[in-house]
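Reviewing the structure listed below.
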Amino acid sequence: MTEPVDEDPILQFRDVTAYRNNTKVMDQFSMTIGRMDHTAIVGPNGSGKSTFIQLLTHQLHPVAPENNAPAPIQVFGRDHWDVTKLRKRIGIISTELEYGIMHNLSYGRLSGLDVAITGFFSSMQLFRHHDISDEMKQTALKKLDLMRASHLKDRMFNRMSAGEARRVLIARALVTSPEVLVLDEPTTALDLVARKTCLQLISDVARQGTTVIIVTHHLEEVLPEIQNVILLENGRAVFSGPKKEVLTSENLSSVYNHPLELFYRNGTPRIELDHS
Ligand code: ADP
């Protein structure tokens, strides 16, 4: 197996088709994301955003290609990965993860610092066999600080507001200094101020050298740092390319099947429903 070279794209999907319960949920979806190509994958409900995350986390597998064609999904230029190693290079933050950690709290008490440390073990709980070094603790504290969450290090995870929990989870994803951060609707359930803070912190991460991929239906999550957008509809990438070319009133109205007016405020796209 050849070692990955730096020029390899981070993620490459080639005609990815996938099924859930005999329903085609991804249909010949192709995209390439290179290093520092901050990207948003945008689409209405049911367009395939969760399917994309599940393909990335190996919860779902694409249809195998015919005739020895290249694997449909390549990550860092390779189609086979030890998932534990891959998790250290790609941080994924989803509501599923948040629920998972919350659920695990019934078995043990996790502080903000503990949750950040679980990132080293790609686990949702700390176990006796986890060998936690001082260096790990220091790194976790540093990442909490980066997320302006140092004050949460001793607070129980289930005593945090949604905004605080989200920041701790981003710190958790950053402890292994991943090259890529994938965020699934990162501001869902956050209030206005928490949303603004969270987006600002993700912008900082993007500017500091981590490739950010945001999967969302909230256009305000398409940060100014994001240059590329993929618009999904029915499991297909119907428009993809530079943000200003893809996010247009016309394209969005087509994908959302409703007249929409797009405008930008401080570099962030917003939409208004056309009620006429
Ligand atoms: P999104 O995250 O953009 O809302 P999803 O990836 O969840 O979209 O869904 C994509 C498509 O897959 C939708 O048409 C949805 O109805 C279908 N789907 C989702 N889960 C299942 C399932 N378990 N079985 C069959 N179809 C599913």
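If you read the sequence from its start, that first residue is 1, and numbering goes on from there. Just follow the structure's listing: the first ligand is 1, and inside any ligand the first atom is 1.
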> Pairs in or reaching into residues 47-75: which pass ring-ring contact (aromatic ring centres under 6.0 Å, His included), with residues at least two apart or in two chains?
Replying inline: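 As it turns out, the ring-ring contact (aromatic ring centres under 6.0 Å, His included) pairs with a partner in residues 47-75, which skip direct neighbours, are F13-F52.
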> Got the residues with a heavy atom under 4.0 Å of ligand 1, by chain and number?
Replying inline: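 Lining ligand 1: R20, N21, T23, V25, P44, N45, G46, S47, G48, K49, S50, T51.
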> Linking Ile, Leu, Val, Met, Phe, Trp and Tyr by side-chain heavy atoms under 4.5 Å, what else ends up with Y19?
Replying inline: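 Joined to Y19, directly or through intermediates: V63.
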> Does NZ or CZ of K88 come closer than 6.0 Å to the centre of the six-membered ring of F120, within 45° of the ring's axis?
Replying inline: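 No, K88 does not lie over the aromatic ring of F120.
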>> Less than 4.5 Å apart, side chain to side chain, heavy atoms only: is that true for I10 and T32?
In response: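 I10 does not reach T32 side chain to side chain.
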> Who are the salt bridge (Lys or Arg N to Asp or Glu O under 4.0 Å) partners of D15, not counting sequence neighbours?
Replying inline: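 Residues passing salt bridge (Lys or Arg N to Asp or Glu O under 4.0 Å) with D15: none at all.
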>> If we count only N and O atoms by modelled type, under 3.5 Å, do the side chains of S203 and E225 hold a donor and an acceptor together?
In response: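 S203 vs E225: donor-acceptor pair found between side chains.
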